[in-house]
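Everything on this sheet refers to the single structure shown next.
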2 protein chains.
Amino acid sequence: MNQQHDPRQNHLLAALTDEEYERLAPNLERVNLTLGESLAESGQAMRYVYFPTDSIVSLLCVMEDGDSTEIAVVGPEGIVGISLFMGGETTPSRAIVQSGGTAYRLKGHLLKDEFYRAGPMQRLMLRYTQALLTQMAQTAICNRHHSLDEQLCRWLLLSLDRLPTNELLMTQELIANMLGVRREGVTESAGKLQKDGLIAYHRGRITILNRAGLEERVCECYETVKQEYDRLLPYTHSGKAFLRD
Amino acid sequence: MNQQHDPRQNHLLAALTDEEYERLAPNLERVNLTLGESLAESGQAMRYVYFPTDSIVSLLCVMEDGDSTEIAVVGPEGIVGISLFMGGETTPSRAIVQSGGTAYRLKGHLLKDEFYRAGPMQRLMLRYTQALLTQMAQTAICNRHHSLDEQLCRWLLLSLDRLPTNELLMTQELIANMLGVRREGVTESAGKLQKDGLIAYHRGRITILNRAGLEERVCECYETVKQEYDRLLPYTHSGKAFLRD
DNA sequence: TTGCTTCTGTGCGCTAGCGTACAGAGCATG
DNA sequence: CATGCTCTGTACGCTAGCGCACAGAAGCAA
């Protein structure tokens, strides 16, 4: 029954060998992440890494004037805090909870210890980092070449893939922040999607009505990223299938 | 006297321990990279990794319609082919020589062997990857928020930092490809810089006349990336100082 | 010289997205 | 029920950059 709160709902934890998992498990601490909470601030050392199970975290790049853009999104398929084992300790990006829920956290040095055993877990983390890298690169090109309409679809689908439901709790204002555009632009794009019956939204609650319709309108970036996740992390089931087991 | 062709002009090779370097050195093969040459194609396995010494390589993200955008640039401070040790074998990006010159290449499996010794070299490569990640993230946000004028300055400075001279062999057409914009846009922006005496260019040859002037006009992205490289790879001298030794 | 190619400059209409301003609608709270 | 706040919708002028078209200039080749 505690299926509802098993750390191994996180795909990376699930993909560890039993031996590795047993070493980490006693130190995994369940935490509740609330919308808007910050897990990492630009330039500050992280004390913990986070393994979301049913929450989503956005990695944002912030500029001096406060403007920001999401560079990647992390859900149950990933981990927040890769800079800890990558060696930088800090990142110049922020990590903000985009969809509240549960995550398991682990003290940074414990993760590093396991990582530097240089076993299967290390390879797993590196492959995950590689997938994240692809997501960032694709975001860069998408920002340059694609319309807001397409980007909104991409964002919705990436979020949807990481959620157990069809509902997103997220205002247009926040989405605009993520995409690095004006709120009014999001209102307009989202209005089109709603008019065509693909989504319904109401004061910070977005319901996806027709996923296939979104996939028709999205730019190739979504598929590129998804395929790369599937290729690099096949046994972690980047889709929802895993959560339904 | 063979200072001119020492593999350790590459900052990563220079930062290896002598023991590590001795293991790799016999297998380092000097190659001449020519402008426009492709070192890696999207989705294809790489057989070699490359350590540029006085050349520059662009990592490009390519879309179905052929449009592309540079997501990062690699010079004597780095290595081309991180996906080999990150575990993906392939990347969805292309690697194109942006400035001809010399590099040393190494068979992929030899690099992996050394990497999975999990010694200092591994940590070095991971820190470098982290720096590259920052460059990509900053490119994403720069694409979103900054004017072509600013981006051109950023691009020029990033290239300049990786070159031994003040001269770039690069047409406006190619720069436009890198930045993912129209050639005419580059002509216009570059025209302003030339008019103000910061650069001079002539049929594919750009000379930087006033570096400080460029630094005044560039967006914060340049400095952010540079600082992160310096922080993560201090002993590899990301500026030109190293080359002057 | 002549011709061909490559590179750069310029002009013009078009569109996506920006900045700003404001209005109405839903929800919570006193 | 009145007040205030948050969220969404809409309108309008503005600008950066796009797409296209073409012209001149510089270099290469015969």
Side-chain angles (χ1 to χ4, degrees), chain A residues 34-36 63 65-70 98 140-156 167-196 198-207 217 219, chain B residues 34-36 63 65-70 98 140-156 167-196 198-207 217 219:
Chain A
T34 61
L35 181 65
M63 293 190 310
D65 65 6
D67 272 12
S68 64
T69 298
E70 182 181 86
Q98 182 198 110
I141 196 169
C142 198
N143 281 353
R144 165 68 71 206
H145 292 282
H146 297 141
S147 70
L148 179 46
D149 286 1
E150 293 173 306
Q151 292 184 46
L152 178 59
C153 290
R154 171 175 64 83
W155 190 88
L156 287 171
E167 249 188 32
L168 272 142
L169 294 176
M170 173 84 17
T171 65
Q172 300 184 349
E173 177 82 43
L174 283 175
I175 297 180
N177 263 228
M178 302 289 174
L179 296 178
V181 299
R182 277 184 327 152
R183 193 226 81 218
E184 292 87 334
V186 174
T187 300
E188 203 182 324
S189 283
K192 292 183 206 165
L193 295 181
Q194 170 148 273
K195 191 156 70 72
D196 296 348
L198 304 182
I199 65 172
Y201 59 84
H202 183 67
R203 294 186 68 75
R205 160 171 275 117
I206 305 179
T207 312
R217 300 197 182 193
C219 51
Chain B
T34 60
L35 181 64
M63 294 190 309
D65 65 5
D67 272 12
S68 64
T69 298
E70 182 180 87
Q98 182 197 109
I141 196 169
C142 198
N143 280 353
R144 166 68 71 205
H145 293 281
H146 297 139
S147 70
L148 179 45
D149 285 1
E150 292 173 307
Q151 292 184 47
L152 179 60
C153 290
R154 172 175 63 83
W155 190 88
L156 287 171
E167 249 187 31
L168 271 142
L169 294 176
M170 174 81 21
T171 65
Q172 299 182 350
E173 177 83 43
L174 283 175
I175 297 180
N177 263 229
M178 302 288 175
L179 295 179
V181 298
R182 278 185 325 154
R183 191 225 83 218
E184 292 89 331
V186 174
T187 300
E188 202 183 324
S189 281
K192 292 184 207 165
L193 295 181
Q194 170 149 269
K195 191 158 68 74
D196 297 348
L198 304 182
I199 65 173
Y201 60 85
H202 184 65
R203 294 185 70 72
R205 160 169 275 117
I206 304 178
T207 311
R217 300 196 182 196
C219 51

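Chain letters run A, B, ... following the sequence lines, proteins first and then strands; every chain starts at 1. Since this is a predicted model, take the numbers as computed values, not measurements.
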**OP:** Begin from the C-alpha positions of B/Met170 and B/Tyr201 and carry the test side chain to side chain contact (heavy atoms under 4.5 Å, CB included) through to its verdict.
**Re:** CA-CA 9 Å; B/Met170 174 81 21; B/Tyr201 60 85; over 6 Å; no
Subject >> Side chain to side chain, B/Trp155 and B/Val186, heavy atoms closer than 4.5 Å >> reply: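 They are not in contact (no side-chain heavy atoms under 4.5 Å apart), so the answer is no.
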Original post:
Is the shortest heavy-atom distance from the side chain of A/Ile206 to the side chain of A/Leu169 under 4.5 Å?
Top reply: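 Answer no - side chains too far apart.
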Original post:
With sequence neighbours excluded, what pairs up with B/Gln151 under the side-chain hydrogen bond (donor to acceptor under 3.5 Å, both in side chains) test?
Top reply: A/Arg144
Subject >> Partner set under side-chain hydrogen bond (donor to acceptor under 3.5 Å, both in side chains) for A/Asp149, not counting sequence neighbours >> reply: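 For A/Asp149, the residues satisfying side-chain hydrogen bond (donor to acceptor under 3.5 Å, both in side chains) (neighbours in sequence not counted) are A/Ser189, A/Lys192.
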**OP:** Output the residues of residues 148-155 of chain A in contact with DNA chain D, where contact means a heavy atom of the residue under 4.0 Å from an atom of the strand; sort by number or write none.
**Re:** none
Original post:
Could you give all pairs that pass the side-chain hydrogen bond (donor to acceptor under 3.5 Å, both in side chains) test and reach residues 173-185 of chain A, with sequence neighbours left out?
Top reply: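 Every pair satisfying side-chain hydrogen bond (donor to acceptor under 3.5 Å, both in side chains) with a residue in residues 173-185 of chain A: A/Arg183-A/Thr187.
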**OP:** Grab the two heavy atoms, one from A/Ser68 and one from B/His145, that are nearest each other, plus how far apart they are.
**Re:**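 Heavy atoms of A/Ser68 and B/His145 come nearest at O-NE2, 3.6 Å.
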Subject >> salt bridge (charged side-chain N to carboxylate O under 4.0 Å, His left out) against A/Glu167, all qualifying residues, sequence neighbours excluded >> reply: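 Counting only residues at least two positions away or on another chain, A/Glu167 forms a salt bridge (charged side-chain N to carboxylate O under 4.0 Å, His left out) with A/Arg205.
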**OP:** Output all residues satisfying salt bridge (charged side-chain N to carboxylate O under 4.0 Å, His left out) with B/Asp67, sequence neighbours left out; order by chain, then residue number.
**Re:**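 Applying salt bridge (charged side-chain N to carboxylate O under 4.0 Å, His left out) to B/Asp67 gives none.
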**OP:** Taking only heavy atoms on the protein side, list every residue of residues 171-187 of chain B lying under 4.0 Å from any atom of DNA chain C, sorted numerically.
**Re:** B/Thr171, B/Gln172, B/Arg183, B/Glu184, B/Thr187
**OP:** Step by step, work out the side chain to side chain contact (heavy atoms under 4.5 Å, CB included) result for B/Leu179 and B/Thr69.
**Re:** CA-CA 6 Å; B/Leu179 295 179; B/Thr69 298; over 6 Å; no
**OP:** I would like to know whether B/Leu198 and B/Cys153 meet side chain to side chain contact (heavy atoms under 4.5 Å, CB included); could you show each step before the answer?
**Re:** CA-CA 10 Å; B/Leu198 304 182; B/Cys153 290; 6.0 Å; no
Original post:
Could you state the NZ-P distance from B/Lys195 to C/dG9, rounded to the nearest angstrom?
Top reply: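 Distance check: B/Lys195 NZ to C/dG9 P gives 13 Å.
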**OP:** Give the rounded distance in Å between these two atoms: CE of B/Met170 and C1' of C/dT6.
**Re:** 15 Å
Subject >> Residues in side chain to side chain contact (heavy atoms under 4.5 Å, CB included) contact with A/Glu150, at least two apart in sequence or another chain >> reply: A/His146, A/Ser147, A/Cys219
**OP:** Taking side chain to side chain contact (heavy atoms under 4.5 Å, CB included) as the test, write out the residues that go with A/Arg203, two or more places apart.
**Re:**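 Scan of A/Arg203 (side chain to side chain contact (heavy atoms under 4.5 Å, CB included), adjacent residues dropped) gives none.
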Original post:
Under 3.5 Å, is there a donor-acceptor pair between the side chain of A/Asn143 and the main chain of B/Ala140?
Top reply: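 Yes.
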Original post:
What's the spacing between B/Thr207 OG1 and B/Ile199 CD1 if we round to 0.5 Å?
Top reply: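 That separation rounds to 9.0 Å.
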What nitrogen or oxygen pairs link the protein and nucleotides 24-27 of chain C at under 3.5 Å?
{"from": "C/dG26", "atom 1": "N2", "to": "A/Arg203", "atom 2": "NH2", "distance (Å)": "3.4"}
{"from": "C/dC27", "atom 1": "OP1", "to": "A/His202", "atom 2": "NE2", "distance (Å)": "3.2"}

**OP:** Quantify the bending of the helix from C/dT1-D/dA30 to C/dG30-D/dC1 as the angle between its end axes, each fitted on five pairs, to 10°.
**Re:**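 The two end axes of the helix from C/dT1-D/dA30 to C/dG30-D/dC1 meet at 30°.
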Original post:
Does anyone know the first and last nucleotide of DNA chain D in reach of chain B, 5' to 3', at under 4.0 angstrom to a heavy atom?
Top reply: D/dG17 to D/dG27
